[in-house]
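Single-structure report; data block below.
Atoms within each ligand, like the ligands themselves, are counted from 1 in listed order.
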Amino acid sequence: MTTGDRVELLGVTPERARVELRDSLREWDQPEYRVEQILSWVWGRRAVSFSDMTNLPVELRDRLEMAFCLSSATRSFEARSTDGTIKHLWRLEDGEQVESVLIPADDRVTLCLSSQAGCALGCRFCATGDLGFTRQLRTAEIVEQYRDADRVSVEAFGRAIANVVYMGMGEPFANLEPVLESLTVLNAGFEFGARRITVSTVGLVPGIRALAGRPEPFRLAVSLHSADPELRRELMPVERRYPLDELLAAVRDYQARKARRVSFEYVMIDGVNDSSELARLLVKRLKGISSYVNLIPYNPIPGKPWGPSHPERIDDFRSILESGGIPAAVRTPRGRDIAAACGQLRLERELSEALP
Ligand code: SAH
Ligand code: SF4
């Protein structure tokens with residue numbers, strides 16, 4: 001919640017932000033209406049510093065600067081892809097770096113943000129998994145990616161971010177409290193619609209249950225990648241802790257409470273998890289769940305032997321799902337030229353920095 005002893009305004013719930021501001025303003029003999037004035041700068045106008053708040057007395061701005069904090073990360077790198085995708089690296093106070101990606105499509109822009117620096121879950125096909133886990137992100141470090149990327153989105157595309165997906169570096173439900181809090185700040189503070197926010201999980205059951213318990217209609221995506229437990233275990237060590245049956249039971253419970261479609265992510269790796277048999281097994285496993293499957297051609301990573309499935313294979317897989325009553329779409333990879341898959345940009349930059 002704090003950097004040094006300052007309160008991070010993007011790192012606390014709106015309720016808490018109001019209490020903290022009210023207390024300080026009272027102490028400084030300032031009128032209470034300033035609370036909403038300040039917060040409309042923070043959430044409405046995406047102010048990055050108190051000096052931006054030109055309708056406040058200078059002395060108050062200085063005091064706020066000493067007691068509260070609005071920014072802790074700096075943008076350390078930006079890459080723009082020929083397909084419009086914009087990728088950012090954010091340098092955190094301790095030098096850690098995380099990435100976020102802005103993806104324009106048709107008439108809307110999606111932000112993919114990070115929830116951890118690195119990831120401990122070690123999925124075999126993932127660049128972030130290769131980096132290992134460094135540390136959790138604080139709530140404010142998650143929310144800042146949105147606030148700052150939204151400014152870029154308006155500048156670059158002439159429109160604000162329309163969708164937020166927690167699909168960058170890290171496993172959101174392995175950093176549960178800050179992630180749940182960041183959802184509150186985005187939704188109740190920045191007034192970003194809950195239906196436009198998707199949390200993607202590798203399948204941590206307690207997190208799915210926690211999201212199911214929230215009153216707001218945040219969306220859930222589950223990274224499945226195989227409906228065969230044995231193959232899934234090989235690809236994703238998390239399968240040992242939360243086996244497929246238990247995971248799908250949690251998804252069913254989520255759906256019973258939320259009555260909304262759940263998306264499943266399925267990375268298509270050539271010759272590994274893309275057979276017709278596995279597509280049929282997936283249909284069987286998802287029976288009774290109102291689902292939507294995103295088929296993502298594998299984005300190759302330096303040092304891994306795998307490649308993306310052939311387009312005909314993906315088509316076949318998709319038509320088996322569709323005829324089994326499961327809607328599915330192929331997600332064309334974006335920003336390939338700037339290493340836009342999760343964890344890739346940081347990995348590539350670290351590799352190139354390591355070279356003489
Ligand atoms: N930890 C969460 C969210 C971040 S990963 C999760 O695993 O769901 C976001 C998505 O990118 C996941 O579905 C993940 O499996 C996928 N992904 C990881 N590496 C990839 C790669 N090299 N190519 C394509 N998709 C990849
Ligand atoms: Fe972590 Fe998700 Fe990558 Fe797996 S796919 S290592 S859970 S970031």
Asp253: what forms a salt bridge (Lys or Arg N to Asp or Glu O under 4.0 Å) with it, not counting sequence neighbours?
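In terms of salt bridge (Lys or Arg N to Asp or Glu O under 4.0 Å), with neighbours along the sequence ignored, Asp253 is linked to Arg209.
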Qualifying residues under salt bridge (Lys or Arg N to Asp or Glu O under 4.0 Å), relative to Asp150, sequence neighbours excluded:
Arg46
May I ask you to identify, for [X], whether its side chain, its backbone, both or neither come under 4.0 Å of ligand 1 on a heavy-atom basis?
X: Met169; result: neither
X: Glu265; result: side chain
X: Thr201; result: backbone
X: Phe125; result: both

Would Ser115 count as a contact of ligand 1 if the rule is a heavy atom under 4.0 Å away?
no
How about Cys119: does one of its N, O or S atoms come closer than 2.8 Å to atom 4 (Fe) of ligand 2?
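No, outside the cut-off.
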Any luck finding a side-chain donor-acceptor pair between [X] and [Y] under 3.5 Å?
X: Arg313; Y: Ser276; answer: yes
X: Ser263; Y: Asn294; answer: no
X: Thr184; Y: Arg214; answer: yes
X: Gln37; Y: Arg34; answer: yes

Any idea which atoms of ligand 2 are less than 4.0 Å away from a heavy-atom of Gly129?
6 (S)
Is there any N or O on [X] that sits under 3.5 Å from an N or O of ligand 1?
X: Gly170; result: yes
X: Asn299; result: yes
X: Ser223; result: yes

Tell me if the CD atom of Glu78 is crowded by more than 12 foreign heavy atoms within 6.0 Å.
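Yes, enclosed.
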Tell me if the CZ atom of Arg108 is crowded by more than 12 foreign heavy atoms within 6.0 Å.
no
With a cut-off of 4.0 Å, which atoms of ligand 1 are near a heavy atom of [X]?
X: His225; answer: 13 (O), 14 (C), 15 (O)
X: Ile301; answer: 22 (N)
X: Tyr166; answer: 3 (C)

Backbone N/O of Arg159 and side chain of Ser153: donor-acceptor pair under 3.5 Å
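Yes; judged by distance alone, with no hydrogens or angles, the pair exists.
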Mind checking whether Phe317 and Tyr266 have parallel, tilted or perpendicular rings, split at 30° and 60°?
tilted
Test item, Ser223 contacting ligand 2 (heavy atom, 4.0 angstrom):
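Per 4.0 Å heavy-atom rule, Ser223 does not contact ligand 2.
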Please state which part of Cys126 comes within less than 4.0 Å of ligand 2, counting heavy atoms only: side chain, backbone, both or neither.
side chain
